[in-house]
Novice: 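Take this structure first; my questions come after.
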Amino acid sequence: MQFVPLQAYVVVAALLFVIGAAGFCLRRNVLVMLMCVELMLTAASIVFVAAARAHADVNGQVIALFLIALAAVEVAVGLALVVAVFHNRRSVDVDTVADLKG
Amino acid sequence: MFFLNTLWLVLLGPTLGALINGLWPAKYRGRLGHGVLACAGAGLSFLIAIIQHIALSISSETIVRHGYFTWIEAGNLTIEFALRLDPLSSVMCLVVAGVGFLIHVYSLGYMAEDRAYVRFFTYMNMFLAAMLLLVTASNLPLMFVGWEGVGLCSYLLIGFWHRKNSASTAGFKAFAVNRIGDAGFLIATFWCWKVFGTLEFHEMFARIGEASAADIRWITLLLFVGATGKSAQIPLYVWLPDAMEGPTPVSALIHAATMVTAGVYMIVRMNPLFHQPESVSVLIAWIGALTAIFSATIAIGQRDIKRVLAYSTVSQLGYMFLAVGIGAYVAAIFHLVTHAFFKACLFLGSGSVIHACHEEQDIMNMGGLKAKMKTTHWTFLVSTLAIAGVFPLAGFFSKDEILAYSFESSQALYIIGLAAAIMTAFYMGRLLFLTFYGGRRMNDEKWEKVHESPRTMTFALVVLGVLAVFGGLLGLPKNLGLPHVLYGYLEPLLPKVHGEHHMSAAVELGLMALSLALALGGLGVAASLFRRRGAEGEERLRGVLGPVHGALENKWYVDELYNTLIVSPLSKLARIVSDWFDPGIIDGAVHAIAGAVGLGSERQTRTQTGRIRDYVLVILTGTFLLVLCLVVLGR
Amino acid sequence: MSLASWASAPQFAPMVIASLLAIVGAIMMVTRRDVVRGALWLVITLIAVAVLFITLMADLIAVVQVVVYAGAIIVLFLFVIILLAAGKEPDALRNAGPGTWAAGAVALGLLVVVLAAGFSGELPQLQWGSAVATDSPGRDTGGEEEPMTHPFGSPAGVGQAIFSAQNVLTLELISILLITAMVGVIVLAKGLRPTGRLPAEADEGSEE
């Protein structure tokens, strides 16, 4: 019997997630930060799909599907905000949008 | 019976008057409207006091007590809002509401020009309500409410013309001095609670056997301290002369007829305690006698018409304390009543004079007013004779009764009392003659404007003058076989032992003759000095008395003494506190706390960079820690 | 279970290659200065993830991943980048400072603990081959009698699961969310004036 452990997928997902998180923290371009969020969401859906496979439960795939829808929503709203902010500030550098500081 | 079940009705009029005038002054009522409303409130009280008096007289009960609601409930302490009607409070209600009503009416004329007309009548009604509560209260705490209420109104009314610096200072002085007395009253209340376990008068009196000698001594002493504050006895009398800064009707109502007698009333009310052999009665008698003669001497040297009357009031209050000190409670109340009549009349008369002379108060600048102010002169004359103790006016009987009792009790007290009586006759004569007789000592321009006061004012004067004449009928000497109305009325409340006159009629008549002769003598000396010669007579008096006269003018330097001994050390201490302790310790602590909080929050604001990435870092750190916890603890 | 037994699994090679591609793409995406290139690297990652889905018998998800993510979302990104002409804006990794090191440390720590959590329990192993290739008879979904006859991961099976009583409420919520987002985006876009300010700020713009 041949099998691949679930752990392999978890490792891949964890790596992708951490790369996304690090990128989100390190980059200043708001567009890149949004892409990093996409990356993290994708990592999450990998875990769901792998778990669905491992448990032979298709609900995990359904959740992955919902996640993709959520990602689309998030990108739409996020990009709209980026456009609005850019119109105002002429910049996509998030550090210029730091008015709410103490 | 309805009126014996609704004791609170007597408080209703002035309370409503004060509330309506104070909280809801309305233009359409006009100036006069407010005053008439206040008078109506006082008059209503007087009417109800009369009805209650009659109801009590024809009722079989002597003491009516009604608790209306529970006022304070804490642990096993329950204090009811309870009122009490008995002969004593009924007499006091009649005097307070009656004289109060007359003075309200008088004020209609006296205050007519004042800009703060409505405020004046609000305070006056407030005062009346508080005073009536004081005399009808059925327990010590409720009495204290009235006690403080009248103190507050007194303060407000002394400082009524608060733009005048001396008035606000005098008000403050009255308040501060009264505080000393009030502290005594309060401590006495606590002590009573500890000893008797109740603060209702009748329950306390029933358990009087449970108190030890020391308890009685301290309670009576502390209550007496309270009384000295409110009733201006040595050593706390100093506020009363200064209280004359208030409008004259206030002096008449509060600082002559009613409030200052609260101490006397309170001691008579608590007479079962004071009558115990362990009480401080002897001290009270001596303080009273000394106050009587001491302030009488000061009155001789004063030139301000109201100050003479003020010291006279202190002196007469001294008589009342002398009376309660030797156990002659009826005599004290009797003198209280007659004094209310003639002293109110004198004050109102002086107000009438001041009004006529355009705020002139120095008697050396008056003289000869008899010609222009007939009614005022006649009532003033009658009241002067009454206070001097001339037969058959009110003061003669009441003062003589006190002197007779003190003669029985102690020769020394009697002699002091008699000496004070001579001086009373002398300084009152001086006041009368300098004011109304002799040549005029004011310039023509002022003289032209002198006029008799309006009807509202003379009405009160006449009524009070009549009462000063006939008030003595309330207490004709008993041991001459004459009826003593007041004694018969108050008897149920008094300790049973006292009340026997051992004196024979002959001794009594002799004493009367002696005091009458001395009173006439005092008046005669005053007349010979001042009747025609006026200012010259004052010079001669000064010459006779020599340096003493200067001391009298300066009130024996008591204020200066108090300043040196008490006020300035205290203010030095206060200065040290304000210069060092307050900025250093108190402000230091406050500033340190504020600074620490400020610094801390300033530090914390730096974490709010406004940069999303930093926030995300924090979120990630939190996630990290959470998962770490799961891994470490989750096994 | 050894590496050798894994390696013999038919899905092993695609899985490893796709994983490597995804990770490399992610790293490249994060480190590129040029946003357009970053976006293109992201496409590679997303497609590689789609391949991973296929190895997990999630065909439908893989297709949706390619269509929605690699198709719609990335196109949207590129569109915005071009619209704002922001692509060429210089933007490097933040200069090394305490923040950088902190971010790196936290990311690393997160990786460690997530992996530790992933390996801490007895995780089920994925069996390849025919053993579970034909799906289990399906779970009892909300008491519906109809047995699931579709193979695991097939579009029909997933569709049936989506509209099962268990998931239909979530689905409706997602639709509401989509509508709301759409309305929100329209409002945001309409608010933009020619000056490029939001209406609220345009009113007080004179202050600046």
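Since the model is a prediction, treat every value here as computed from it, not as a measurement.
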Novice: Is there a side-chain hydrogen bond (donor to acceptor under 3.5 Å, both in side chains) between C:S19 and A:Y9? Walk through the geometry before answering.
Specialist: CA-CA 8 Å; C:S19 299; A:Y9 288 94; over 6 Å; no
Novice: Count the heavy-atom pairs under 4.5 Å between each of A:V77, A:L79, A:V47, A:V11 and chain C, then report the option with the highest count.
Specialist: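 It is A:L79.
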Novice: With rounding to the nearest 0.5 angstrom, report the CZ to CG distance, A:F24 to A:L34.
Specialist: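 So the gap between those two atoms works out to 7.5 Å.
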Novice: Rounded to the nearest 0.5 Å, what's the gap from CD1 on C:I27 to CD1 on A:I19? Could you check?
Specialist: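 These two atoms lie 4.0 Å from each other.
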Novice: Please state whether the side chain, the backbone, both or neither of C:I162 comes within less than 4.5 Å of a heavy atom of chain A.
Specialist: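 Contact with chain A involves both backbone and side-chain atoms of C:I162.
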Novice: What part of C:I74 is in contact with chain A, defined as an atom under 4.5 angstrom from a non-hydrogen atom: side chain, backbone, both or neither?
Specialist: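 For C:I74, neither part sits under 4.5 Å from chain A.
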Novice: Of the listed residues (C:L110, C:V49, C:L108), which shares the most heavy-atom pairs with chain A below a 4.5 Å separation?
Specialist: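 The option with the most such pairs is C:V49.
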Novice: For the backbone of C:A161 and the side chain of C:N167, can you confirm whether one donor and one acceptor N or O come within less than 3.5 Å of each other?
Specialist: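 Checked: pair present.
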Novice: Drop me the distance from C:L42's CG to A:M35's CE, to the nearest 0.5 angstrom.
Specialist: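 The distance works out to 6.5 Å.
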Novice: Calculate, to the nearest 0.5 Å, the distance between atoms CD and OG belonging to A:Q61 and C:S154 respectively.
Specialist: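 So the gap between those two atoms works out to 9.0 Å.
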Novice: Identify which part of A:L16 has an atom lying under 4.5 Å from any heavy atom of chain C, answering side chain, backbone, both or neither.
Specialist: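 Looking at A:L16, just its side chain touches chain C.
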Novice: Checking A:I63 against chain C: side chain, backbone, both or neither under 4.5 Å from a heavy atom?
Specialist: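 Neither; nothing under 4.5 Å.
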Novice: Measure distances from C:Y69 to the heavy atoms of chain A and classify the residue's part below 4.5 Å as side chain, backbone, both or neither.
Specialist: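 Contact with chain A involves the side chain of C:Y69 alone.
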Novice: Heavy-atom pairs under 4.5 Å with chain A: which of C:M182, C:M15, C:Q65 has the most?
Specialist: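 With the most close heavy-atom pairs to chain A, the winner is C:M15.
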Novice: What part of C:A18 is in contact with chain A, defined as an atom under 4.5 angstrom from a non-hydrogen atom: side chain, backbone, both or neither?
Specialist: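 Contact with chain A: none, neither part.
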Novice: For the CZ atom on A:F48, are there more than 12 heavy atoms of other groups (residues, nucleotides or ligands in this structure) within a distance under 6.0 Å?
Specialist: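 No.
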Novice: Does any backbone or side-chain atom of A:F17 lie under 4.5 Å from a heavy atom of chain C? Answer side chain, backbone, both or neither.
Specialist: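 Contact with chain C: side chain only.
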Novice: Quick one: CG on A:L70 to CG on A:L65, what's the gap to the nearest 0.5 Å?
Specialist: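 A:L70 CG to A:L65 CG: 10.5 Å, rounded to 0.5 Å.
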Novice: Tell me, side chain or backbone of A:E38 under 4.5 Å from chain C's heavy atoms, or both, or neither?
Specialist: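 Both parts, backbone and side chain.
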Novice: I'd like to verify something: which residue of A:A71, A:A13, A:A69 has the highest number of heavy-atom pairs under 4.5 Å with chain C?
Specialist: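 So the answer, after comparing A:A71, A:A13, A:A69, is A:A71.
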Novice: Side chain, backbone, both or neither: which part of C:A72 has a non-hydrogen atom closer than 4.5 Å to chain A?
Specialist: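 No part of C:A72 comes within 4.5 Å of chain A.
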Novice: Just how far is it from atom CZ of C:F53 to atom CD1 of C:I61, taken to the nearest 0.5 Å?
Specialist: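 Separation between the atoms: 7.0 Å.
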